[in-house]
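Shown next, in structure tokens, is the structure this report addresses.
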Number of protein chains: 2
Amino acid sequence: MDDGQATAVLGALAQETRLQILRFLVGRGSKGASAGEIGAAVGAASSRASFHLSSLSQAGLVSSERKSRCVIYRAELDALGAVLKHLVQDCCRGDGRLVSACAGGQVPPRRTFSFLGD
Amino acid sequence: MDDGQATAVLGALAQETRLQILRFLVGRGSKGASAGEIGAAVGAASSRASFHLSSLSQAGLVSSERKSRCVIYRAELDALGAVLKHLVQDCCRGDGRLVSACAGGQVPPRRTFSFLGD
DNA sequence: TCCATATTTCAATATCACTTGAGGTGTTGA
DNA sequence: TCAACACCTCAAGTGATATTGAAATATGGA
């Protein structure tokens, strides 16, 4: 992954409606949800939900599948995982506090032994 | 952390110049770097570097300290850790693949047995 | 075929972000 | 005090993105 791809995915996440959509879809798991359900769940008009869903889809964060009349969307976490890996490992040198934060731990204050250098 | 704060930090990261600045500053560790050095390192004019640094600073991703003529910037990873935690734990329910991706592992496909081919 | 449902596309508008260059503030040393 | 330096702020131009409502497309059933 390069910085350009990473910023594209980060940009897709940097919007409250889209973050809500992602959370909702992760909660639905492999069952997914139709565009209409998603819009209702996040309080967005249908055209607005469609706009944000296509944004997420382009970033690879959701997949879509037509099912009769409805289009079912599902969260796809591979792209998010790749971006997190890029951020933590490539941009931030695998900083241990970031890794433990991802795992649900606190972000502890930095305790540096400065004589050892950075 | 709420979605509004998270999207603010994500928005700050969703820009290539700023991602480059963050990477550069993480590499410098506690030594930090002056605005001039940073601008030169990422190939940005001084006003542009200043603009992006203030953006990162507002998001809490860098701190600044005046040192004589120069302003020294340092990466501050606490805000990033909090956002990663919000993303992985709150939005994505602590998904194990995301946690392992942050730790540097692959983002494994959901299918365990791949010998069946595609 | 016709109609209702589900979703997307389009156009118009508003808002926000990025870049550039000019000019301003603050600091240092002659 | 003056000049050189480091950095920031401002305004203008440009482009991207968000929102809304209306219209268009696709699907399934009467």
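The shown structure was predicted, so the numbers you read here are calculated from the model rather than taken from an experiment. So you know, we letter chains A, B, ... as the sequences are listed, proteins then strands, and number each from 1.
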Which heavy atom of Ala12(A) sits nearest a heavy atom of Ser55(A), and at what distance?
CB-O, 4.4 Å
Using whole Å, report how far CD of Glu16(B) lies from C1' of dA17(C).
15 Å
Is the shortest heavy-atom distance from the side chain of Leu77(A) to the side chain of Cys92(B) under 4.5 Å?
yes
Figure out the CG/C1' separation between Leu10(B) and dA17(C), and round it to whole Å.
16 Å
Does anything in residues 44-62 of chain A come within less than 4.0 Å of DNA chain C? Heavy atoms only, and list the residues if so.
Ser46(A), Ser47(A), Ser50(A)
Gln15(A) CD to dA16(D) P, straight-line distance once rounded to whole Å
18 Å
Could you tell me whether the side chain of Asp95(A) reaches within less than 4.5 Å of the side chain of Val88(A), counting heavy atoms only?
no
When clusters are formed by joining ILVMFWY residues with side-chain heavy atoms under 4.5 Å apart, either directly or through shared neighbours, do Val62(A) and Phe51(A) land in the same one?
no
Looking only at heavy atoms, the pair that brings Leu25(A) and Tyr73(A) closest together is CD2-O, 3.4 Å
Among Arg18(B), Gln15(B), Glu76(B), the one residue meeting side-chain contact (heavy atoms from CB on, under 4.5 Å) with Leu56(B)
Arg18(B)
Heteroatom pairs (N/O) under 3.5 angstrom, protein to nucleotides 26-30 of chain D:
{"from": "dG28(D)", "atom 1": "O4'", "to": "Arg69(A)", "atom 2": "NE", "distance (Å)": "3.2"}

So does Tyr73(B) get a side-chain nitrogen or oxygen closer than 4.0 Å to the phosphate oxygens (OP1/OP2) of dA6(D)?
no
Starting from P on dT17(D), measure out to CG on Leu13(A) and report it in whole angstrom.
14 Å
Run the side chain to side chain contact (heavy atoms under 4.5 Å, CB included) check on Asp3(B) and Arg23(A) step by step: do they pass?
CA-CA 11 Å; Asp3(B) 282 358; Arg23(A) 180 186 290 110; 2.7 Å; yes
Separation of dG26(C) P from Ile72(B) CD1 (nearest whole Å):
19 Å
Between CG on residue Leu84(A) and CD on residue Gln89(A), distance to nearest 0.5 Å
10.5 Å
